[in-house]
Protein chains: 2
Amino acid sequence: MRKSRIAVPDSSDNSALKVVGELKQDILTGYFQPGEKLKMTRLKARYQVGVSPLREALSQLLIEQLVVVENQRGFKVHPVSREEMLDIYATRAEIEALCIGLAVEKGDDEWEAGILAAAHTMHKFGDMVDKDPQEWERRHQAFHTAIAQGCNSPTLLQVRRSLYEKASRYRNLWLKKNMANSAVFDANQKEHQLLIDALLAGNGDTARELIRQHLLSPSRALEQTPGLEELAG
Amino acid sequence: MRKSRIAVPDSSDNSALKVVGELKQDILTGYFQPGEKLKMTRLKARYQVGVSPLREALSQLLIEQLVVVENQRGFKVHPVSREEMLDIYATRAEIEALCIGLAVEKGDDEWEAGILAAAHTMHKFGDMVDKDPQEWERRHQAFHTAIAQGCNSPTLLQVRRSLYEKASRYRNLWLKKNMANSAVFDANQKEHQLLIDALLAGNGDTARELIRQHLLSPSRALEQTPGLEELAG
DNA sequence: TAACTATTAAATATCGATAAATTAAAATAG
DNA sequence: CTATTTTAATTTATCGATATTTAATAGTTA
């Protein structure tokens, strides 16, 4: 089986790069809470490295806006806000629509095949959503990535990935407080087939509008949940 | 007068953050050539700091894709390629069009006023283009930023800025080898008024198409220049 | 008790030193 | 003379130590 989409530490990586992956995961999954201070002593203990690699890793996450820094006051996990969440999801929807529009124009047979393959892998896991939501989200994302790949623009895909990570942070934080009904996120599975139909028919405008709705529905759900800000504590 | 758009080192910043700005400038302007190895001894001498802040700064530019790193082999300036240039410019055109489309929808009176103000500042400098191209580019960019601001999305504007920086690197590298006719870049000044007209008229589609052409013309010019790859040396 | 100051403790940012790895140069063999 | 191995010199990546800054605590005065 292929390696997961998420970067996995390679033995040829240095300490900083290895720690970037773990630290990012810990922030995205909410092990470190939004706004939480990231003390060096704790990070050293957790990742078994010195301050130098840690500061390098944090410097990278700084640009990715997963942490913030204040001079002489160290690093903190980037705080969350309803405002930022809506902005990220809205931007993500536009970027995804852009990818899809370009993909319909440029996509070739290989692209179409990739979509169908990813759709198959995803559907096969359809009834396991509740069993292993992590794995389902992986396949779901692989499906959408297969579509976006068709735009054939590394630069644009890079932007797309960065936004996905930020959004998935909000998604994870929400799931942590609402274990029960992840259904609200995944109720939109039927939309996938509509999307595929539009794509293979070369109907870019329809596909773009479908994906916009598809990506905005989680943020609408999150928006209505009370106390998003309290996730910060 | 307001501070320039480019981040300027603040006394409250740490060494790493100060060095990020200088190092970025040195890469964007081509003081450090594409692909060039960035040896710590040289960087230490140039920026008067130790390796710790340097590695932190480089770690940030790593994510911004202005440098690359190889384990145990240090940092290099991110290499250039015709392919990447075209991809960056194409993506930038799409993102800018996206910003403008949203801005036309959401923009208010203040937004319109900001555009006219920036246009005035830019036009006042119209005949000084050859005298001080740097300053003109600053005003030109301020004009386009004033327009994009209307989208009112920090996330999207962040993406936009990152792409602008990468593109301006190619622009600077090209200018370095072709001091003479920066005219080819700026021949499109007339398009600005057309753009303003479309924006104030609320004609989003026209504005989007105008900006696409506006942003793609430099890349078409660059594409035709012989030996872009040799800029790496 | 509240507000301010002094003192102590904790944490950060940075440097210099060191071990590991890479590159360059010299030496040796075929 | 070319190719391979050995040796030396650079260079990187990381740690531990230190100066400086911030936060916490105790003490003082009104």
Side-chain angles (χ1 to χ4, degrees), chain A residues 7-24 26-27 31-79 232-233, chain B residues 7-24 26-27 32-63 65-79 232-233:
Chain A
V8 43
D10 186 327
S11 63
S12 68
D13 289 340
N14 59 20
S15 303
L17 220 50
K18 278 185 225 145
V19 112
V20 165
E22 305 182 64
L23 187 47
K24 185 186 282 188
D26 283 340
I27 291 173
Y31 175 85
F32 290 119
Q33 295 283 306
E36 182 174 356
K37 190 157 185 355
L38 295 167
K39 289 203 194 132
M40 285 301 170
T41 49
R42 186 165 173 208
L43 298 179
K44 273 167 65 174
R46 182 164 176 83
Y47 304 116
Q48 296 293 310
V49 292
V51 292
S52 310
L54 278 175
R55 289 186 63 89
E56 288 176 33
L58 289 163
S59 296
Q60 297 187 37
L61 300 185
L62 189 63
I63 296 298
E64 290 190 336
Q65 297 194 286
L66 294 178
V67 306
V68 293
V69 67
E70 210 173 341
N71 191 23
Q72 302 289 16
R73 239 163 280 184
F75 294 86
K76 287 189 315 185
V77 179
H78 197 292
Chain B
V8 43
D10 187 327
S11 64
S12 70
D13 290 340
N14 60 19
S15 303
L17 219 51
K18 279 185 224 146
V19 110
V20 164
E22 304 184 65
L23 187 47
K24 184 185 283 188
D26 282 340
I27 292 173
F32 290 121
Q33 295 282 306
E36 181 175 354
K37 191 159 186 354
L38 294 167
K39 287 201 194 136
M40 285 299 171
T41 49
R42 186 166 173 208
L43 298 179
K44 272 167 67 176
R46 182 165 175 82
Y47 304 116
Q48 296 293 310
V49 293
V51 292
S52 310
L54 277 175
R55 289 186 64 89
E56 288 176 33
L58 288 163
S59 296
Q60 299 188 38
L61 300 186
L62 190 62
I63 298 298
Q65 296 193 285
L66 293 179
V67 306
V68 294
V69 66
E70 211 173 341
N71 192 24
Q72 302 290 15
R73 238 163 279 185
F75 294 86
K76 287 189 313 184
V77 178
H78 197 291

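These numbers come from the heavy atoms of this one structure, side chains and all, not from hydrogens, waters or symmetry mates. Here is the naming used below: chain letters follow the sequence lines, and residue numbers restart at 1 for every chain.
Residue-environment remark: NZ (B/Lys37) exceeds the threshold of 12 foreign heavy atoms within 6.0 Å.
Looking at residues 39-49 of chain B, you'll see B/Lys39, B/Met40 sit with a heavy atom under 4.0 Å from some atom of DNA chain D.
In summary, contact between chain A and DNA chain D, defined as any nucleotide atom under 4.0 Å from a heavy atom of the protein, begins and ends at D/dT14 to D/dA23 in the 5' to 3' direction.
No side-chain heavy atom of A/His78 sits less than 4.5 Å from a side-chain heavy atom of A/Val67. For the pair A/Leu17 and A/Gln60, the minimum side-chain heavy-atom distance is below 4.5 Å. With contacts defined as side-chain heavy-atom distances shorter than 4.5 Å, the pair B/Leu38/B/Phe32 qualifies. A/Val19 places none of its side-chain heavy atoms less than 4.5 Å from the side chain of A/Pro53. Put simply, the side chain of A/Val77 does not reach to within 4.5 Å of the side chain of A/Leu66, judged on heavy atoms. Side-chain atoms of A/Lys24 and A/Leu61, non-hydrogen and from C-beta on, do get closer than 4.5 Å to each other.
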**Request:** Any chance you could lay out the side-chain contact (heavy atoms from CB on, under 4.5 Å) test for A/Leu58 and A/Met40, step after step, and finish with the verdict?
**Result:** CA-CA 11 Å; A/Leu58 289 163; A/Met40 285 301 170; 3.7 Å; yes
**Request:** Please report the C-alpha distance between A/Leu23 and A/Lys18 in whole Å, then the side-chain angles of each, then the deciding distance to 0.1 Å, and finally whether the side-chain contact (heavy atoms from CB on, under 4.5 Å) criterion is met.
**Result:** CA-CA 9 Å; A/Leu23 187 47; A/Lys18 278 185 225 145; over 6 Å; no
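With rounding to whole Å, A/Leu38 atom CG is found 13 Å from C/dT12 atom C1'. A/Glu70 has its CD atom 13 Å from the P atom of C/dT12, to the nearest Å.
Where B/Ser52 and B/Lys37 each meet DNA chain D at their nearest nucleotide, the meeting point lying more 5' is that of B/Lys37.
Between the side chains of A/Arg42 and A/Tyr47, no donor-acceptor pair of N or O atoms lies under 3.5 Å.
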**Asked** Which letters describe nucleotides 19-24 of chain C, given B = protein heavy atom under 4.0 Å from base, S = only from sugar-phosphate, - = neither?
**Response** --SSS-
